[in-house]
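A short write-up of the structure that comes next.
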Amino acid sequence: MEKSSGKKNTAVLISGRGSNLRSLIKYSKTKKSLIKIVLVISDNISAKGLNYANKSNINNIVIKYSDRKSFEDRLLKLLKINNVDLICLAGFMKILSGKLIKKFNNTILNIHPSLLPKYKGLNTHKRAIHNKDKFSGATVHIVNDKLDSGKIILQKKVKILKSDNEKSLGKKVLKIEHEIYPKAIIRLLTSC
Ligand code: GAR
């Protein structure tokens, strides 16, 4: 924990594009931010999101994912060295072990592109359109040991229009993801 400001030392885990990371960095730079991003971890050396960390001089490290145990051993060490209090999964596409999740009890958040509990897992927009749903949305939830099933912190809906396809829906949902992730962090950190 960064003692002087009382901000939560935060690690963001990514696997790709990193637009949610970008929105979290933007929030972390606001005056009233409750977090300081001290570490960005990617399991993918080509993740575009690493550029956002670099641009903002945030310590970023790629951990090659050969197997879960060696990935998590290294991850745990880095989280400890950096005194991380809060972990934000932001398009991180690997599943963390129950053991690691337990160690960070209730302090790992994930953002998911659907109105959970609907459409856990992958291809959320495709499934929502296929099922002719009227709404989709995004959810920020606490990570527990079941996929996309932890306590919901914040959720926001978007309307699915008849003209929407997977791509256009994905774009709309992503826009609200960027809006709700910082808000969910504030809600989590001010509710305890
Ligand atoms: C986001 O839509 C996020 O909700 C999703 O991956 C995308 C990452 O985009 N995450 C999951 O599907 C996790 N199950 P980003 O890299 O631009 O933030």
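All residue numbers in this chain count up from 1 along the given sequence. Counting starts at 1 for both ligands and their atoms, following the listed order.
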Cationic N near anionic O, under 4.0 Å, K159 to D164: no

Charged tip of K64 within 45° of F71 ring normal and under 6.0 Å: no

Heavy atom of the protein closest to atom 10 (N) of ligand 1 (residue, atom name, distance): I111 O, 3.7 Å

Atom 8 (C) of ligand 1 - nearest protein heavy atom and its distance: G91 CA, 3.6 Å

Atom 3 (C) of ligand 1 - nearest protein heavy atom and its distance: E177 OE1, 3.3 Å

Test item: side-chain donor near acceptor, K120 and S149, under 3.5 Å: yes

Closest protein heavy atom (residue, atom, distance) for atom 15 (P) of ligand 1: S19 N, 3.4 Å

Which residue and heavy atom of the protein sit nearest atom 7 (C) of ligand 1, plus the separation: R17 NH2, 4.0 Å

Protein residue, atom and distance nearest to atom 13 (C) of ligand 1, heavy-atom basis: M93 SD, 3.9 Å

Interatomic spacing from CZ in F135 to CD1 in I160 - rounded to 0.5 Å: 9.0 Å

Non-hydrogen side-chain atoms of D85 and T107 separated by less than 4.5 Å: no

Taking atom 12 (O) of ligand 1 as the reference point, the nearest protein heavy atom with its distance: P113 CD, 3.5 Å

Polar contact flag for D148 and ligand 1 (N/O pairs, less than 3.5 Å): no

Closest to atom 16 (O) of ligand 1 (judged by heavy-atom distance), picking from G18, G16, S15, A90: G18

Residues D133 and K118 bridged, charged N to O under 4.0 Å: yes

Sub-4.5 Å side-chain heavy-atom contact between D73 and L75: no

Nearest protein heavy atom with distance in Å, relative to atom 14 (N) of ligand 1: H112 ND1, 3.5 Å

